[in-house]
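Chain A is the first sequence line, chain B the second, and so forth, proteins listed ahead of strands; every chain is numbered from 1.
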Amino acid sequence: MQTSALSRYIGLIPSSVMIGAFFVIPFVLILLTSVSTPTDDGGYATSFDLQHFERFLTWFYIERALFSAGLCALIAVLSLLIAYPFTYFLTNFPPRTQTYWLIYILAQLSLSEVLIAFSWQILLSRTAGVANILVWIGVIEKSFAMTPSAGAVVAALVYLTVPFSVLLLFPALSRLDKSLIEASRTLGASPLRTFFTVVVPVTRPAIISGGVTVFVLTLGAIIVPQVLGKPEHWTLSVLITDQAIFNFNMPFASALAVVLLVLSATVIWLVTKFSGKKA
Amino acid sequence: MRALRSIYLALFALYLIGPILVIAAVSFNAKKFLAFPPRGFSFRWYAEVFVANDWFTALKNSLFVAFASASLSVLIALPVAYFAWRYGLRYAKALLALGVAPFILPPVIMALAFLLFFTGIGVNGLMINVIIAHAIFLLALPLVTISLGLESVDTALIEASQTMGASNAVVFRTVILPIAAPFAFAGFAFCFVLSLNEYIIALMTVGFSVETLPIKIFNALRYGYTPVIASIAVIFMVINIVIFALIARFSNLARILGAME
Amino acid sequence: MPGLSIKNVTKNFGTVTAVKDVNLQFNTGEMICFLGPSGCGKTTLLRMIAGLDDPTSGAIRFEDQDLTGVPVHQRNIGMVFQSFALFPHLNVGENISYAMRIRGHSRSECEDRARQLLDMVHLPGLEDRKISQLSGGQRQRVAIARALALNPQVFLLDEPMSALDANLREVMQIELRKLQQELGITTVVVTHDQTEAMTMADQIVVMGKAQVLQTGTPMEIYKTPVDKFVAGFIGTSNLLPAKMSGPDGVHVNGVDLTVGGNTGHFSQGDDVLLMTRPEEVFVHHPSDMNVANSVTGTVTFVRDIGATIEILVDCAGHEVISVLTPKDWPDVKVGDQVHVEMPAAACSVLAV
């Protein structure tokens with residue numbers, strides 16, 4: 001009995017090493033680097049130095065953090081509003097149609113953010129964009145570029161997150177007891193009224209946890225704000241990339257990452273608090 | 001009411017599929033500049049992906065990284081999910097929770113963590129770096145799918161096989177593995193697709209030495225557009241669809257996505 | 001020949017005792033039913049015989065081998081699970097020959113044996129079916145065939161009929177009993193259905209609250225239950241509070257009755273319960289005088305279901321049921337004051 005118990009732990013050694021070495025250590029490195037001191041040769045030394053966090057506490061970065069949070073909240077709301085009715089209809093489609101839609105949704109969800117940013121850039125461009133269609137049907141006279149703009153960033157981010165929203169709402173809506181709807185209908189409620197008084201309230205936990213998940217997801221978007229927006233539309237993630245790759249300022253990038261981490265962790269904590277458990 | 005539903009569904013489909021259709025149309029453009037509606041029809045931008053050496057190298061890199069990291073990820077996940085499920089080991093459960101964490105965090109955090117780690121140990125820009133980084137970042141996917149697969153193995157099936165003389169190893173080989181394998185395959189496929197499309201972690205681990213397709217596309221975007229990118233978008237969309245269709249065919253897609261049996 | 005024996009077996013799950021100091025001894029080739037309400041420990045006892053659970057203390061033996069501590073896959077047993085536990089990834093033939101296949105028997109041997117077993121359970125030609133294509137009854141037969149593939153020493157069945165509908169259950173009970181007698185295999189069935197136990201068992205073990213309450217043939221248990229719990233669990237019984245008035249007499253509802261059953265444990269003046277079975281109790285018309293060994297009561301309900309007639313009588317606040325054949329019909333109606341005859345041979349006494 002004892003030897004077999006031991007062998008169970010031996011079987012877990014390789015995975016433990018991988019997770020420990022390549023997740024736990026790198027993660028701790030971020031925390032350490034965020035409080036390290038820059039050295040004269042451009043590197044940084046271990047210490048407990050809060051100067052990078054002090055730098056964050058200037059209006060420019062606080063404004064960026066608030067902008068990121070506000071943008072992500074807006075995207076989460078829009079994304080769920082668009083996705084919810086579709087997901088509800090989807091769960092009532094025949095199984096085969098459902099599968100086709102799920103495959104497409106998954107395929108689009110997995111599509112690289114780079115490619116999605118590119119698509120929307122084309123879609124909103126002067127030469128190949130929707131403006132040409134407007135010209136063609138005679139709404140406007142001359143095509144124009146719709147990027148960079150806040151609208152473009154929002155449209156593309158919502159596009160990026162709608163498939164996630166559908167998949168986050170799918171379990172709750174597909175498990176929804178259909179007899180609840182029938183009961184409401186026999187009691188005299190119209191389909192629309194049933195939707196708002198039965199379906200939406202029953203799936204409220206999924207809506208909340210879905211919204212918060214989309215929020216965290218949008219916080220991670222890097223390319224769309226860069227490609228489709230002006231610098232004033234950049235989010236924390238873009239700034240971290242910028243600091244790490246182009247300014248080689250690892251301590252400050254790490255400090256910003258810690259801020260982002262705290263922001264996401266707060267929000268993830270809210271998910272678990274509201275939904276109890278999440279797959 | 002019915003009309004409203006139809007209009008909404010049509011608009012939704014247009015929003016979701018429209019951009020992809022525009023890209024597909026652009027990718028068949030005959031001319032070098034981007035235009036929609038397209039001028040002429042040609043496959044030259046698809047041919048370019050396979051003929052132009054730099055694009056083809058990037059494609060090969062991406063496919064190799066995706067395959068290797070998905071395999072590694074499944075190998076890491078398998079014992080963790082198995083020991084957590086079969087013996088309910090608290091340590092394995094903790095490891096499982098830890099393994100899911102990287103995927104929940106914004107990817108840029110993990111990207112920066114990998115960057116600090118690999119420069120810290122002085123191993124820069126090797127392809128193995130991005131393979132390991134993706135395997136760890138995407139570990140949640142095989143962990144979750146394999147756990148789901150194992151949960152679908154009824155304990156009575158295991159006991160039945162034991163009463164017929166199967167030792168633990170035989171139970172694993174003849175009962176658990178065949179039932180859980182489609183779910184492990186789904187985990188592998190999810191990993192493969194997401195690794196193929198991943199940008200920021202690849203950039204921060206190997207961005208200056210190995211070009212994967214997303215990195216190559218982003219770099220190309222800075223020097224203006226080429227319809228090659230459009231054709232790659234279409235190729236990627238097709239790869240994604242094929243892989244998820246395979247999962248749907250050989251595994252239980254609705255169940256993996258959280259629907260009831 | 002002494003077969004299965006269970007000695008001082010106790011099983012604790014944490015602080016809960018599931019099976020408490022059980023001692024049982026059966027002969028080889030017997031069919032044994034563990035009967036009791038859910039949570040009485042009968043399934044745990046079966047799982048310990050199978051080796052799926054280890055006893056906290058005590059020993060389980062089969063003939064001259066000590067099975068205690070032998071891992072489940074090294075015991076020569078066949079088991080049918082409540083859910084049947086058929087492998088969904090294997091077809092019918094592969095399920096049945098699973099035990100042979102993992103022992104490295106050749107494909108043709110496996111196929112021959114599967115065919116032979118399917119014939120035995122009356123499902124010829126089904127070896128290539130998927131499990132999902134089978135009905136509940138077919139699944140059960142496949143599960144039985146699979147468990148018997150290697151001619152096990154002991155055949156164990158955990159609530160085998162619970163997934164079947166009522167009609168099929170009766171058919172399968174008879175079929176299973178015939179099969180068991182044909183093969184002469186020591187068999188243990190766990191059930192909470194007394195009819196099932198009465199139909200199939202050589203020996204019934206009545207369990208309650210983790211302990212064995214009574215062991216015996218179906219008729220022994222029916223005729224002479226050891227206490228009111230067993231009496232209530234096996235068949236229907238009429239219980240009237242009474243007081244011992246002599247070595248073979250009780251005082252009940254103001255009259256003295258003679259008891260034919262064993263009263264050995266009790267002495268004069270003890271409070272007891274007078275037990276009778278409904279089919280041995282007769283109701284007489286109010287005008288009948290001098291009915292021996294009877295009490296009086298009021299008819300509260302009459303149920304005529306053709307083959308039998310059931311009369312419910314209220315005897316000083318206690319309900320007595322009488323089941324009569326039409327030829328014994330006393331022509332009474334609800335509200336009549338009747339004489340309820342309890343022949344001495346039908347009477348026994350139990351502890352309160």
Any non-hydrogen side-chain atom of [X] less than 4.5 Å from a side-chain atom of [Y]?
| X | Y | value |
| --- | --- | --- |
| B:L116 | A:S254 | yes |
| A:L106 | B:L257 | yes |
| A:L256 | B:L112 | no |
| A:L115 | B:M237 | no |
| A:M18 | B:L139 | no |
| B:L89 | A:L12 | yes |
| B:I229 | A:V114 | no |
| B:N240 | A:Q108 | no |

Point-to-point distance, once rounded to the nearest 0.5 Å, from [atom1] of [X] to [atom2] of [Y]:
| X | Y | atom1 | atom2 | result |
| --- | --- | --- | --- | --- |
| B:Y15 | A:F86 | OH | CZ | 13.5 Å |
| A:L123 | B:I20 | CG | CD1 | 10.0 Å |
| B:R249 | A:I103 | CZ | CD1 | 11.5 Å |
| A:E113 | B:I200 | CD | CD1 | 9.0 Å |
| B:L253 | A:L102 | CG | CG | 5.5 Å |
| A:I222 | B:F218 | CD1 | CZ | 9.0 Å |

Determine the option with the most heavy-atom pairs under 4.5 angstrom with chain B, choosing from [options].
| options | value |
| --- | --- |
| A:S110, A:P14, A:G220 | A:S110 |
| A:T33, A:L219, A:L217 | A:T33 |
| A:L29, A:V162, A:L111 | A:L111 |
| A:Q98, A:Q226, A:Q121 | A:Q121 |
| A:F27, A:Y100, A:F23, A:W101 | A:F23 |
| A:G11, A:P85, A:S237 | A:P85 |

Which one, [options], leads in non-hydrogen pairs under 4.5 Å with chain A?
| options | result |
| --- | --- |
| B:Y199, B:F83, B:F137, B:Y82 | B:F83 |
| B:L78, B:I232, B:I17 | B:I17 |
| B:P79, B:P19, B:A233, B:A101 | B:P19 |
| B:V193, B:I132, B:I243 | B:I132 |
| B:Y87, B:F236, B:F190, B:F118 | B:Y87 |
| B:I76, B:T119, B:I217 | B:I76 |

Taking all non-hydrogen atoms of both residues, which atom of [X] and which atom of [Y] are closest, and how far apart?
| X | Y | answer |
| --- | --- | --- |
| A:A257 | B:I109 | O-CD1, 3.7 Å |
| B:F12 | A:A83 | CE1-CA, 4.2 Å |
| A:S15 | B:V80 | CB-CG2, 3.5 Å |
| B:F114 | A:P26 | N-CB, 4.4 Å |

Neighbour count >12 (heavy atoms, 6.0 Å) for atom CZ, B:R5: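 Enclosed.
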
Counting only heavy atoms closer than 4.5 Å, note whether [X] contacts chain A via side chain, backbone, both or neither.
| X | answer |
| --- | --- |
| B:A13 | both |
| B:L115 | side chain |
| B:L9 | side chain |
| B:L16 | both |

Mutual orientation of the aromatic rings belonging to A:F22 and B:F117 [parallel < 30°, tilted 30-60°, perpendicular > 60°]: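 Judged by the thresholds at 30° and 60°, the geometry between A:F22 and B:F117 is perpendicular.
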
Whether B:Y91 and A:Y9 hold their rings parallel, tilted or perpendicular, with breakpoints at 30° and 60°: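 Geometry flag for A:Y9 against B:Y91: tilted rings.
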
Which atoms of [X] are under 4.5 Å from chain B, going by heavy atoms: the side chain, the backbone, both sets, or neither?
| X | answer |
| --- | --- |
| A:V166 | side chain |
| A:V17 | neither |
| A:V24 | side chain |

